[in-house]
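Have a look at the structure below before the remarks.
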Amino acid sequence: MIENNTCNNLKYDYLIHGSVPVSEFWGISYPDCNDALRDDNELKEKCLNYSELAANNEGYLSDYKKYNYFLAQKEFAEQQGRCFSKPFVLQASRTEHCNLSCVFCRPEPVEHFHTMEKEQWIEALEYLLPPVVEFVPYCWGEPLLDNCFDITCNLANKYKTPVSIFTNFQHFNEKIAEIVLSGVHRMLISIDTSKPETFKKLRKGGSLQKIENHLSLLKAIAGKAGMEIPWIGISAVLCKSNLNDLPLLIDWAAERGFQGLSARRIVIRDNINKLLIDEEVDLLSIEYRDMHDKAIETAKRCNMVLNMPAQIYSNAVDAPCPCPWTHMYLSPQGKLHFCAFSHGNVVGKIPIQPDYWNSKDIMSLRRSFFNKHRCKECASLDSIGAIGASQVRGY
């Protein structure tokens with residue numbers, strides 16, 4: 001279990017994470033870089049020569065993560081031309097397999113899912129995990145359905161990388177509980193409303209009661225084993241059907257021991273069905289503003305962490321995109337994206353070549369983003385930081 005410490009307060013932090021460090025809110029401690037190297041050349045050398053230094057020093061992995069984390073922020077903040085750092089958050093999906101048909105994602109059941117071969121998955125993670133300070137497996141699939149979930153958590157532990165998962169928590173048993181207790185640091189459960197009927201409408205095939213039962217099972221097994229449960233929060237999608245439920249959901253979550261709630265609006269993409277367009281929330285409406293204020297007051301009263309979209313600031317899209325320095329996404333198809341989502345910026349695919357990080361394609365892509373702005377989609381979400389988002393800590 002990783003302690004909920006504040007990450008460093010260097011001047012670069014606000015450029016990537018927003019005014020409040022991510023780790024202070026969400027149960028994952030990013031490296032404290034106050035004692036990191038300040039000499040740029042030495043910092044780059046420590047990052048570039050990781051393999052050699054790690055071979056002679058078992059404890060070097062933690063230092064390497066810290067150096068890379070600091071260097072990535074420096075390169076982005078100072079717009080350095082040659083990029084020596086690597087993204088420090090890895091999002092990766094071995095499979096697209098999911099047991100629900102949610103209106104936000106897959107309104108209709110999908111017969112065929114992409115799933116990466118186990119050997120390819122392991123090889124890719126062995127290459128990508130060393131510099132990473134947070135690992136988010138299974139961004140689009142359901143992690144607890146994968147028969148390699150234990151292997152994934154063991155690999156993350158091998159490379160001292162905290163694991164965060166997003167799960168619908170519909171499939172759960174004692175064996176999975178043991179894996180979660182030993183290998184997961186943060187768990188966000190997909191719950192959009194505390195009203196059972198609305199939940200069934202939005203998360204087709206799901207049950208709110210199942211989530212409560214599975215939480216009870218997890219706590220019982222943890223108590224019996226004398227183990228701490230992970231940091232547990234809620235991931236909610238805001239739409240017209242559940243908009244005014246959010247303050248009630250915060251109360252419901254606090255009563256059941258959830259520590260935080262992250263809410264985001266529906267993501268409208270091209271070729272999406274009409275149902276989603278009808279459900280899209282206008283963040284500039286009076287209705288949203290009133291709900292937003294009620295939710296913040298409720299979170300303060302309940303001592304709950306809350307992260308949700310604010311009414312969009314006019315400069316949100318004009319802000320530079322930090323994701324080629326912060327995030328990387330590995331898709332089930334084996335494509336490598338320099339992005340917090342799977343929009344684009346694809347540079348290569350598995351199997352990963354040994355000189356991948358020094359390739360011209362990666363260098364040119366990351367340099368080009370000094371002059372590129374956030375995509376409209378990211379600017380309207382809370383996922384990048386404080387730009388366009390409201391964050392509350394009630395304690």
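Under a 3.5 Å cut-off, the side chain of Lys118 and the backbone N or O of Cys148 do not form any donor-acceptor pair. Arg289 places no side-chain N or O within donor-acceptor distance of the main-chain N or O of Ser285, the cut-off being under 3.5 Å. Formation of a donor-acceptor pair under 3.5 Å by the His171 side chain with backbone atoms of Leu145 is not found in this model. Using modelled atom types, one side-chain atom of Ser207 and one backbone atom of Gln209 make a donor-acceptor pair closer than 3.5 Å. Judged by distance alone, the side chain of Asn242 and the main-chain N or O of Cys239 form a donor-acceptor pair under 3.5 Å. A donor-acceptor contact shorter than 3.5 Å links the side chain of Glu279 to the backbone of Lys240. At distances below 3.5 Å, at least one donor-acceptor pair connects side-chain atoms of Asn345 with backbone N or O atoms of Phe338.
For residues 147-174, the pairs satisfying salt bridge (charged side-chain N to carboxylate O under 4.0 Å, His left out) are Glu126-Lys158, with sequence neighbours left out. Residue pairs that meet the salt bridge (charged side-chain N to carboxylate O under 4.0 Å, His left out) test with at least one member in residues 90-103, sequence neighbours left out, are Arg94-Asp146. Pairs of residues two or more places apart, or lying in two chains, never qualify as salt bridge (charged side-chain N to carboxylate O under 4.0 Å, His left out) while including a residue from residues 46-55.
Contacts of Phe169 classified as ring-ring contact (aromatic ring centres under 6.0 Å, His included), with partners at least two apart in sequence or in another chain: Phe172, His214. Among residues two or more places apart in sequence or in another chain, the side-chain contact (heavy atoms from CB on, under 4.5 Å) test is passed with Asn244 by Glu287, Met291. Judged as a side-chain contact (heavy atoms from CB on, under 4.5 Å), and not counting sequence neighbours, the contacts of Glu45 are Asn49. Partners of Tyr64 by ring-ring contact (aromatic ring centres under 6.0 Å, His included), not counting sequence neighbours, listed by chain and number: Tyr50. Under the side-chain contact (heavy atoms from CB on, under 4.5 Å) criterion, Glu123 pairs with Pro351, not counting sequence neighbours. The ring-ring contact (aromatic ring centres under 6.0 Å, His included) check on His97 picks up Phe113, with sequence neighbours excluded. Lys44 pairs by the salt bridge (charged side-chain N to carboxylate O under 4.0 Å, His left out) definition with nothing, not counting sequence neighbours. For Asp251, the salt bridge (charged side-chain N to carboxylate O under 4.0 Å, His left out) partners two or more places apart in sequence, or in a different chain, are Arg301.
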**Item:** side chain to side chain contact (heavy atoms under 4.5 Å, CB included) between Cys47 and Phe84, intermediate numbers included
**Value:** CA-CA 7 Å; Cys47 290; Phe84 294 88; 5.6 Å; no

Taking it one step at a time, do Trp121 and Thr152 satisfy side chain to side chain donor-acceptor pair (under 3.5 Å)? CA-CA 9 Å; Trp121 176 247; Thr152 300; 2.9 Å; yes

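A continuous path of Ile, Leu, Val, Met, Phe, Trp and Tyr side chains, each step under 4.5 Å between heavy atoms, connects Leu181 with Leu215, placing both in one hydrophobic cluster. Linking ILVMFWY side-chain heavy atoms closer than 4.5 Å, directly or via other members, places Leu330 and Ile151 in a single hydrophobic cluster.
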Sequence neighbours left out, cut at 3.5 Å: what donor-acceptor pairs do the side chains of residues 352-362 make with other protein atoms?
unit_1, atom_1, unit_2, atom_2, d
Tyr356, OH, Val347, O, 2.5
Ser359, OG, Tyr356, O, 3.0
Ser359, OG, Ile362, N, 3.4

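In this structure, CD1 in Ile234 is found 11.0 Å from CG in Leu306, a value given to the nearest 0.5 Å.
With no hydrogens or angles considered, no side-chain donor-acceptor pair links Thr198 and Thr193 at under 3.5 Å.
A cation-pi geometry, defined here as NZ or CZ lying under 6.0 Å from the six-membered ring centre and within 45° of its normal, holds between Lys74 and Phe70.
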